[in-house]
Peer 1: 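Below is a structure I'd like to ask you about.
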Amino acid sequence: MITVEVEGRVFQVEEGTTLGDILKMAGIEGAIGGKVNGKIYDLQTPVRSSAQIIPIYKNQPESLEIMRHSLAHIMAQALKEIYGKDKVHLGVGPTTEEGFYYDVEIEGVRLSEDDLPKIEEKMREIIQKNYPILRREISREEAKRLFENLKEKYKLEIIERISPDDVISVYEQNDFVDLCRGPHIPSTGMAGAFKLTHISGAYWMGDAKRPMLQRIHGIAFWDHKDLEERLKFYEEAKKRDHRRLGRELEMFLIDETVGPGLVLWLPKGGTYRKVLEDYWREEHEKRGYQFVYTPHIGNARLWEISGHLDYYKPNMFPPMQVEQEEYFVKPMNCPFHIAIYKSKVRSYKELPIKLAELGTVYRYEMSGVLHGLMRVRGFTQDDAHIICTAEQVEDVIHETLEFAISMLRDFGFREFKVYISTKPPDAIGSQEQWEIAENSLKRAVESMNLNYEIDEGGGAFYGPKIDVKIKDAIGRLWQCSTIQFDFNLPERFDMTYVGPDNKRHRPYMIHRALLGSIERFTGVLLEHYAGALPVWLSPVQVRIIPVSEKHLPYSKELEMRLRSEGLRVETDDRQERLGAKIRDAELQKIPYVLVVGDREVQEGKVSVRSKKEGDLGSMELEDFIKHIKEKIKNKAP
RNA sequence: GCUGGCGUAGCUCAGUUGGCAGAGCGCGGGAUUUGUAAUCCCGCGGUCGUGGGUUCAAGUCCCACCGCCAGCUCCA
């Protein structure tokens, strides 16, 4: 007998009683599954030891996971029915954040997106038939026999990987059997609303040397309403695509003849970028950073010392030969900053030293991963290296994290997720170094009340780090800031400082970027704001629209006046109708439009239309200047 | 890099079984003098991604390469 606790009540049941029977005993109805000591079980799974049980109902996210998992099976069954049992070989079919996928190999068939409706149709049939989904626990030998007979070569491989202590279970619906740990809904009829979205390739076991399977992706929810909402979200994301916005707003360009992954900043993008970089420099100046500039290429010897040629070479552009020496285009700025640090003997009195640079680096990324501004081959890191003593580490980390969050807030982000990655097994550096570093990271995050997760053992071999992700307007997370200890480079370059004891000591080095890269961050910003950048960042802040040609002189006067106030202004002097000019300003997402006609000329006023708030009516020019300057100062959206 | 899909005017796209390259927007010229999301007319604009091949004939079929997209993998 085992003891189970359900909703505060305690029961004695036979060991191996299914969760469903236990819940029934407790008088609980409508549960999809349950959490048994924190693990999600379905109703058919036997409970083998005393446990705390929390039922899972449809309105809880965990129930979705159960249902989506079953949909993956239903899809697999549909594929087998359409393409033949022997032809379809199943890989893995897990759930995702919003649905499920299944990796399959179908002999002689290349699926295309046109095949999806047919598969969906078959899935609906299976759901309609409402087959019971039955769990069966079988021995390893039986499992092997079963999947050998089914010609499921990938499943056999999975069986090999299942640890001997684990129970092997299969789930059956009608004549379909799948190796699966579960959990599942009790019958196919309970499946919710779903849609197959796309097909892609995926290596078996994520290994490029193994065969590539076809991955069929689907999304699923209990309600059609939620499904529709999700589909709308995709449309919304598509509307916000920075690649489209970048072209429409004339921000940037990636030109095939220049090269893939290499960004050309157009004048509008250039103006925006200058504002961003000026702001960035000011903020760094306030916090005692010193600015440095370093070359784009460096001698191979430098990259040998840094170790990049050992472990980073595949990501570097091939070398160029100059006067019998090899040079590499830089993939990182650190070795240069270190050379600057080492240019003289450093005293503990001048630490921490904070060297900052908007350093443009080049990395040879595989062609398949390039993506607009988000993933490119040449980009500018908002980079800095902080060199300090052990005693200073904690303050430095605290200050840096605070800096990162404050800067991201200025750009309009309000939600952050922080990840701390700790010591991996193959790490270098002393235990003491790691402890000081990791503790400082944890304390900084805790003192700032930030929501964080620890990725145990997820750090680089050369040091622990903090990554900050931001949540954008439609809930997507983007990694921006990273604060990374480096115990490797100070050793390799023999960096030292002279301590109060007049001896040489090894400093701590921290590599950090707040925005990540200017390119990527710009992509994120564009998507976050759907192209309508806050006034302070907008390349054009005000567009003046004369109602007719005769108002052009007054418009030009206004333009000069606003320009002298430091605002970015242009006048639409085209021979177009007012409506057309308003529309174009709107499409260009210009924050403020000033309409100038007879009334405004006579009264010396301006008629203000804000992108955010619509027609604000007539205003004294001075009042408008005050208004817009306030928005700029506050970095209002 | 790998798998699949796609490359037609500056942009968005149409182009049937192989048979004279099209539209809208944009751009140039003209008319209009406009009050809060598209005024009208005319015109310029393409070696159909590049290079081979099949064919009387290729945007269309075949091959290779380049680029883009969805993923895998990787990552700022």
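Atom set for the values below is all heavy atoms of this structure, side chains included, hydrogens, waters and symmetry mates excluded. Letters A, B, ... are given to chains in the order of the sequence lines, protein chains preceding strands, and every chain is numbered from 1.
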Peer 1: For a quick check of understanding: with a heavy-atom distance under 4.0 Å over all strands, which category does A:Q381 fall into, base, sugar-phosphate or nothing?
Peer 2: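 Answer is nothing: A:Q381 stays at 4.0 Å or more from every strand.
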Peer 1: Applying ring-ring contact (aromatic ring centres under 6.0 Å, His included), run through A:F336 and A:W303 and close with a yes or a no.
Peer 2: CA-CA 10 Å; A:F336 299 97; A:W303 305 109; 5.7 Å; yes
Peer 1: On a plain distance test, is the side chain of A:E250 in donor-acceptor contact with the base of B:G10 below 3.5 Å?
Peer 2: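 No, the side chain and the base share no sub-3.5 Å donor-acceptor pair.
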Peer 1: Starting at OH of A:Y203 and ending at C1' of B:C74, how long is that distance when rounded to a whole Å?
Peer 2: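 Value for this atom pair: 11 Å.
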Peer 1: In whole angstrom, give the distance that lies between atom CE of A:M212 and atom P of B:C2.
Peer 2: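 To the nearest whole Å, that distance equals 10 Å.
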Peer 1: For the pair A:H217 and A:Y101, name the ring-plane relationship: parallel under 30°, tilted 30 to 60°, perpendicular over 60°.
Peer 2: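 Tilted.
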Peer 1: Phosphate oxygens OP1/OP2 of B:A70: is one of them under 4.0 Å from a side-chain N or O of A:R215?
Peer 2: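 Indeed not, no polar side-chain atom of A:R215 lies that close.
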Peer 1: Sequence neighbours excluded, which residues qualify as ring pair (Phe, Tyr, Trp, His ring centres under 6.0 Å) partners of A:Y592?
Peer 2: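 For A:Y592 the ring pair (Phe, Tyr, Trp, His ring centres under 6.0 Å) partners, ignoring immediate neighbours, are A:F624, A:H627.
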Peer 1: Anything under 30° is parallel, anything over 60° is perpendicular, the rest tilted; go ahead and classify A:Y362 against A:F317.
Peer 2: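 The rings of A:Y362 and A:F317 stand perpendicular, inter-plane angle above 60°.
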Peer 1: At under 4.0 Å between heavy atoms, what does A:R247 touch on the DNA or RNA strands: base, sugar-phosphate, or nothing?
Peer 2: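 Sugar-phosphate contact only.
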Peer 1: Please check the phosphate of B:C75 (OP1 and OP2 only) for any side-chain N or O of A:H371 closer than 4.0 Å.
Peer 2: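 For B:C75, neither OP1 nor OP2 has a side-chain N or O of A:H371 closer than 4.0 Å.
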Peer 1: Distance between the P atoms of B:G26 and B:G10, in whole angstroms?
Peer 2: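 16 Å, rounded to whole Å.
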Peer 1: Counting any heavy atom closer than 4.0 Å, what does A:V593 reach on the DNA or RNA strands: base, sugar-phosphate only, or nothing?
Peer 2: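 No contact at all - A:V593 keeps every heavy atom at 4.0 Å or more from the nucleic acid.
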Peer 1: Hey, can you pull the residues of residues 510-522 of chain A with a non-hydrogen atom under 4.0 angstrom from RNA chain B?
Peer 2: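 Here the set is A:G516, A:S517, A:R520.
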Peer 1: Look through every strand shown and name the nucleotide pairing with B:G1 as Watson-Crick or G-U wobble, where both distances are under 3.5 Å.
Peer 2: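 Pairing partner, where one exists within any strand: B:C72.
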